Amino acid sequence: MQTDTTIMPYPVTVSGPDTPLSHPLAAALLTSIDDYHPQLRGRRVWLACSGGRDSMALAAVCAALYRQGALPFLPQLLHVDHGIQAVSKTWATHVQAWAEAQGLSCHILRAQVFGDNEQAARTARYHAMQAHLRQDDVLMLAHHSDDQAETLLMRLIQGAGVQGLAGMQPWRVQEADTGRYQLWRPWLGVRRAALSRYAECQQLPYINDPTNDTGDNQRSQLRRDIMPALTALNPQAIDNITRSAALLRDAADTVQTQAKSDIAQALIDTETYPPYQRGLSVSTLQALPRARLRQCLHTWLTLDEPLPPPKQYIDDVGALVVRRDANHQTALYWQASERGYHVRRYQDTLYRLDSAWLSWLALPITSQRLLLNHSTQTQSIILRADSLCRWQVRVQATAEATNSTLHIQALTRDVSVKTTRMNHPQRGKKLYQRLGIPMWLRGSIAIISMTDTDGHTTPIALISPYHLWPLSTKTDAVHCETLLSFIAE
Ligand SMILES: Nc1ncnc2c1ncn2[C@@H]1O[C@H](COP(=O)(O)OP(=O)(O)OP(=O)(O)O)[C@@H](O)[C@H]1O
């Protein structure tokens, strides 16, 4: 085996010993194909090939099985050139030439790496591959059980919960900005030593990246110092850790199913809420046992985020849920990977609010006046707009309203109003509480009124960006609708 960045001499012997179906690596691949047969059917399959021993071995086994008619598809290789090591271009050329000799199609993708660590390269690599994939394409990765054991130990020392300790999954649906794809790891049950033996026996011209073992990052140290010590303590250590991951995956699935059903029970008003605001019923959450409440909050907060918030944050949100006093001022902030969120409680709802949404809600409302005209189908007026979203009121007037003027302006605390559901007019805090309008929405309430040709003014409705309360003086002469449209990011 090589010890530096050199590549074994090329050209390679393509007609070397073939791989029998009974070979453990072939058997593991075929078993995984059986396991995921329904998910694989009709899909394009790609194989992420670094040119390293593991992914090259996977490509070689795929090619060998395909040649024997045992594999119903031949994956296309994707090699990402990170461009951060001087030799990376040479590696790309090498992988492509080898793939061609195997009869495999190979695409070289160029990644843009922001940063100089392994994580930055990994993120850039996935971005490059995602951009190349179409909806529901399958991407094979060559992770094996030694990788799985390292991942588990890494997560253990970082204090992961049941989801994290379930390790890498053999099949995972991955949502990306560019669409959805499927990650497939058919060799999670295969040992690194088996891959090394295969690579040597087949004389695979793989690239040995020395930073894998000699790097000073935690994973390299774990691989170099801790894994051999654990194996000396118990020769079955790696297999046992991998088994724990599989057991924990079952546990994690069960917990996840329960948490999703608890969220579904507690979910509020999903139809009218904008996507930047989510709500759960506090009383439904309070009825849950503590452990289920924590899991429910953990899952809810992480629904569209790659990583969960810290445990302390989930504990703080849990404390906010079970609190019996009426203090609604608490705002718990979490800076996720790209977005920031505020969790707040108001009346019976626990809200998760995107910071961008809160900033938008703090913008002033533009007062508007509109001369109504029955002959025009509908008229729209913008109350607030920026690069995040646009709030407008759509107005439809009857003949009766023609030449009347519609006024829309921010509701101030000194104005009393009476909605169709109220017995007497109210203003300020009492009004907001009566209508269940939380603090952060109070600067985004507007009042619509109409002045007819005789100079009489009739209040028509109160509106927020996603709700309309008809006022008891409402006239049928005009119909108003509040509309919120989000500008795609
Ligand atoms: N530059 C790359 N281009 C394409 N796929 C890659 C690249 N680097 C890694 N991968 C994929 O991600 C998997 C895990 O990456 P990791 O860094 O652990 O692997 P590696 O040690 O660099 O390579 P290998 O697993 O091929 O020996 C690889 O098995 C491979 O499928």
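Numbering of ligands and ligand atoms starts at 1, following listing order. Values in this document were obtained by computation on a predicted structure and should not be read as measured data. Throughout, numbering of the chain's residues begins at 1 and tracks the sequence.
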Q. Relative to ligand 1, is L58 under 4.0 angstrom through side chain, backbone, both or neither, heavy atoms considered?
A. neither
Q) For Q182 and Q174, does a side-chain donor sit closer than 3.5 Å to a side-chain acceptor? A) no
(Q) Assess, by modelled atom type and distance only, whether the side chains of S50 and S55 contain a donor and an acceptor separated by less than 3.5 Å. (A) yes
Q. How does R122 reach ligand 1, if at all, at less than 4.0 Å between non-hydrogen atoms: by side chain, backbone, both, or neither?
A. neither
Q) What atoms in ligand 1 come closer than 4.0 Å to a heavy atom of A142? A) 29 (O), 31 (O)
Q) Which atoms of ligand 1 sit under 4.0 Å from any heavy atom of R53? A) 27 (O)
(Q) For ligand 1 and A48, I'd like to know whether there is a polar contact (N/O to N/O, distance under 3.5 Å). (A) yes
Q. Out of L78, N208, I207, V80, who gets a non-hydrogen atom closest to atom 1 (N) of ligand 1?
A. V80
Q) Any nitrogen or oxygen of D147, main chain or side chain, under 3.5 Å from a nitrogen or oxygen of ligand 1? A) no
Q) Taking the six-membered ring for Trp, are Y351 and H342 ring centroids under 6.0 Å apart? A) no
Q) Is there a donor-acceptor contact under 3.5 Å from the side chain of D137 to the main chain of R134? A) yes
Q. Is the Y466 ring parallel, tilted or perpendicular to the W357 ring (thresholds 30°, 60°)?
A. tilted
Q. For W360, is the NZ or CZ atom of R384 found under 6.0 angstrom from the centre of its six-membered ring and inside 45 degrees of the ring axis?
A. yes
Q: Have a look at L77, L141, I108, D54 and point out the one with the heavy atom closest to atom 12 (O) of ligand 1.
A: L141
Q.
Given G51, S55, G52, identify the one with the heavy atom nearest to atom 26 (O) of ligand 1.
A. S55
Q. Side chains of H144 and R191: is there a donor and an acceptor less than 3.5 Å apart?
A. no
